[in-house]
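First up is the structure itself, then whatever we jot down about it.
Just the heavy atoms: all of them, side chains too, but no hydrogens, waters or symmetry mates, feed the values below. Residue numbers run from 1 in the order of the sequence given.
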Amino acid sequence: MKASFFYVFFLLLMVVSTAFAQGASNDKKESDEYKKSVILKAYRSNMKNKNYAGARKELDGAMKKYQEAANDAHLYKYKVDALTQLIVAENRKIYLNSRPDTVSYFNYVYELYVTGLLCDSLEQNAMEEKRSLGKKAKPKLRNEVRVSMLSYRKNVLNAGKYYYKKKDYPNAYKFFDMYARTKNSEIFIDKDGTSLITDPDDMKEVASLAVLSAYASSNYQGVTTYLDESLKVDGLKPQMLELGSKSAAELGDTVRMLELLESGFHAYPDIEYFFMTLIKFYNDSGEYDKALQKVQAMIELYPEKRDYWYMAGKEQMLLEMYNEALVSFERCVEIEADDAEAYSSIGNIYLHDAQEMYARFDVPITDPAYSERKELIDALYEKACRAFEHAKLFDENNKELWISGLRETYFKLNRGKELRSLEKYK
């Protein structure tokens with residue numbers, strides 16, 4: 001009997017505990033439910049008490065916690081109202097010179113734009129859904145939201161310039177980008193298709209500032225976004241082409257990089273960056289013929305400049321155009337008689353020709369043609385030797401230009417004394 005009592009008591013305790021747990025769970029579930037009225041009550045209370053930051057916080061918290069709130073265009077409209085009041089309050093401090101917070105002011109303006117665009121997008125989506133069901137739909141929030149946004153339109157651009165001047169390039173780009181991409185935003189187009197924006201025609205300037213800010217903050221995609229518009233500024237075009245090509249390279253877009261480099265080289269051949277970058281790229285890619293084309297273009301412009309002839313000779317050697325290279329290097333020494341590098345290259349060409357002929361020298365000594373072939377080879381070694389001796393004369397300290405060439409030519413020409421004289425060079 002006693003055992004039965006305890007058993008019944010235990011069962012009752014379990015039932016009560018389960019019911020209590022379910023009740024607590026239901027209470028928690030109920031408290032976690034999205035209640036727009038509760039959120040709006042807290043929001044309006046804060047707005048009434050001029051606690052605009054608190055009002056914004058209530059909305060942000062709801063949007064972060066509840067998907068319904070995050071998709072509610074009206075809540076974004078309320079947030080626009082709170083942000084507008086925060087901007088007004090900060091603006092008042094600026095005018096009264098009462099410890100204004102410029103950074104907060106600009107951040108509020110930016111957030112106003114972000115929020116306004118989201119509000120309009122959500123409302124437009126909702127309207128599209130209604131229209132797809134055959135219902136009529138007109139925007140109810142757009143006009144008020146865009147009025148708030150237009151009121152601070154100039155401040156978006158001013159914020160970009162403010163941060164640019166302070167060399168805070170990521171923030172500068174953020175504001176330039178917002179200003180530029182909202183110039184044709186639907187929220188600023190009236191029912192007749194006319195833009196309500198009264199901005200000046202300043203896209204070229206803004207695009208240039210956006211490109212400069214983006215590149216300075218390693219935002220290479222940002223550079224690409226505004227590059228074409230920035231190229232319309234003649235005075236900045238060389239710089240924009242350079243930044244564009246460098247950004248394309250960082251993004252791995254070789255086609256675009258070459259397009260910009262070629263455009264820069266064609267328009268501004270005197271700017272070394274375009275020419276030298278193209279030469280390096282084509283050489284690294286093994287496209288020596290394209291590199292040579294660029295060098296020859298510079299020779300046409302500056303036929304008396306030694307460096308271009310020398311570069312042409314080097315490219316021609318890579319292409320195994322030895323006769324043409326010889327002409328290029330000989331032109332170098334015509335321009336600069338003491339050109340040790342050009343003389344060294346001339347020596348290497350003659351040495352190459354001599355080695356090639358020697359490798360094919362299979363005529364027996366008894367053959368009458370032997371002496372003739374031997375004289376031709378020796379003549380080539382002789383020309384190579386003279387060239388290397390000139391290189392040594394004009395730049396004795398740079399042994400790499402001549403020592404190996406002289407050793408070989410002295411040996412092949414049986415000039416033992418001259419060969420031994422090189423022993424002092426270690």
Side-chain angles (χ1 to χ4, degrees), residues 160-161 163-181 183 202-302 305 307-321 328:
K161 292 180 178 179
Y163 284 113
Y164 186 82
K165 186 176 181 180
K166 288 186 171 295
K167 299 182 179 181
D168 183 350
Y169 299 115
N171 271 317
Y173 176 80
K174 182 176 79 170
F175 281 93
F176 289 137
D177 174 58
M178 177 63 80
Y179 180 81
R181 64 187 167 89
K183 268 186 175 284
D202 56 1
M203 262 307 293
K204 290 187 290 186
E205 176 196 1
V206 175
S208 299
L209 289 169
V211 167
L212 291 168
S213 300
Y215 187 80
S217 55
S218 301
N219 179 3
Y220 305 114
Q221 191 58 56
V223 172
T224 300
T225 300
Y226 293 103
L227 182 64
D228 288 342
E229 190 69 28
S230 74
L231 290 174
K232 296 176 183 178
V233 183
D234 291 334
L236 292 175
K237 190 172 181 179
Q239 186 179 6
M240 296 297 108
L241 285 169
E242 180 176 341
L243 298 185
S245 64
K246 288 178 177 178
S247 297
E250 292 287 346
L251 294 170
D253 189 346
T254 304
V255 173
R256 180 61 169 160
M257 179 195 76
L258 286 175
E259 178 188 331
L260 294 168
L261 287 173
E262 291 283 3
S263 178
F265 176 72
H266 178 75
Y268 310 101
D270 288 332
I271 295 180
E272 188 176 272
Y273 169 76
F274 302 116
F275 172 66
M276 294 304 297
T277 305
L278 282 169
I279 293 296
K280 184 178 186 308
F281 177 82
Y282 288 134
N283 280 332
D284 290 346
S285 303
E287 299 178 89
Y288 307 123
D289 55 331
K290 292 183 178 180
L292 179 59
Q293 288 173 7
K294 295 290 171 277
V295 177
Q296 289 173 331
M298 296 304 292
I299 287 175
E300 289 183 18
L301 292 172
Y302 304 100
K305 190 162 183 177
D307 289 351
Y308 296 134
W309 284 104
Y310 184 79
M311 292 176 72
K314 286 295 186 182
E315 298 298 337
Q316 288 159 339
M317 288 186 72
L318 290 170
L319 290 164
E320 298 183 357
M321 300 167 59
S328 296

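- Atom CG of Leu319 is separated from atom CG of Asp289 by 6.0 Å, given to the nearest 0.5 angstrom.
- In terms of heavy atoms, Ile271 sits closest to Pro238 at CD1-CB, 3.5 Å.
- In this structure, the side chains of Lys290 and Phe281 stay at 4.5 Å or more apart for every pair of heavy atoms.
- Contact check for Leu212 versus Gln239: side-chain heavy atoms found under the 4.5 Å cut-off.
- The line from CZ of Phe265 to CD of Glu262 is 7.5 Å long, rounded to the nearest 0.5 Å.
- A salt bridge links Asp202 with Lys183: the closest approach of a Lys/Arg side-chain nitrogen to an acidic carboxylate oxygen falls below 4.0 angstrom.
- The aromatic rings of Tyr163 and Phe175 sit parallel, their planes meeting at an angle under 30°, below the 60° perpendicular limit.
- Closest heavy-atom contact between Gln296 and Gln316: NE2-NE2, 4.2 Å.
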Does Lys305 form a side-chain contact (heavy atoms from CB on, under 4.5 Å) with Met311? I'd like the steps, not just the answer.
CA-CA 11 Å; Lys305 190 162 183 177; Met311 292 176 72; over 6 Å; no
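- Here the closest non-hydrogen pair linking Ala180 and Met203 is CB-SD, 3.8 Å.
- A distance of 8.5 Å separates CG in Leu260 from CG in Asp253, rounded to the nearest 0.5 Å.
- Between Lys294 and Glu287, no side-chain nitrogen of the basic residue sits less than 4.0 Å from a carboxylate oxygen of the acidic one, so the salt-bridge criterion is not met.
- Note that CG of Asp284 is 11.0 Å distant from CD1 of Ile279, once rounded to the nearest 0.5 Å.
- Within the 4.5 Å cutoff, no side-chain heavy atoms of Asn171 are placed close to those of Lys166.
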Under the criterion side-chain contact (heavy atoms from CB on, under 4.5 Å), I'd like the reasoning laid out for Val295 against Trp309: C-alpha separation, chi angles, the key distance, then a yes or no.
CA-CA 8 Å; Val295 177; Trp309 284 104; over 6 Å; no
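- For the pair Arg256 and Asp228, the salt-bridge criterion is met [side-chain N within less than 4.0 Å of a carboxylate O].
- Interatomic distance, Met240 CE to Lys204 NZ, rounded to the nearest 0.5 Å: 13.5 Å.
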Can you give the donor-acceptor pairs under 3.5 Å from side chains of residues 214-224 to other protein atoms, not counting sequence neighbours?
from	atom 1	to	atom 2	distance (Å)
Ser217	OG	Ser213	O	2.8
Ser217	OG	Ala214	O	3.1
Asn219	OD1	Gly222	N	3.0
Thr224	OG1	Tyr220	O	3.3

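- Among all heavy-atom pairs drawn from Gly244 and Leu227, the shortest one is CA-CD2, 3.7 Å.
- Annotation: the span from Glu242 atom CD to Tyr273 atom OH amounts to 5.5 Å, rounded to 0.5 Å.
- Using the six-membered ring where Trp is involved, Tyr226 and Tyr173 have ring planes that are perpendicular, over 60° apart on the 30 and 60° scheme.
- Panel note: side chain Ser285, backbone Tyr282; no donor-acceptor pair is recorded below 3.5 Å.
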Go through the steps for Lys174 and Asp177 under the test side-chain contact (heavy atoms from CB on, under 4.5 Å), then give the verdict.
CA-CA 5 Å; Lys174 182 176 79 170; Asp177 174 58; 5.9 Å; no
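- Contact annotation: the side chain of Pro269 approaches that of Leu301 to within less than 4.5 Å [non-hydrogen atoms, C-beta and beyond].
- With hydrogens and angles disregarded, no donor-acceptor distance shorter than 3.5 Å links the side chain of Ser263 to the backbone of Glu259.
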For Glu315 and Asn283: C-alpha separation, side-chain torsions, deciding distance, then whether side-chain contact (heavy atoms from CB on, under 4.5 Å) applies.
CA-CA 9 Å; Glu315 298 298 337; Asn283 280 332; 2.8 Å; yes
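- Taking both residues in full, the closest heavy atoms of Val211 and Ser230 are given as CG2-OG, 3.8 Å, listed atom of the first, atom of the second, then distance.
- We find that Glu250 and Lys246 are not joined by a salt bridge, their nearest charged nitrogen and carboxylate oxygen being 4.0 Å or further apart.
- Listed here is the closest heavy atom pair of Leu292 and Ala312: CD1-O, 3.9 Å.
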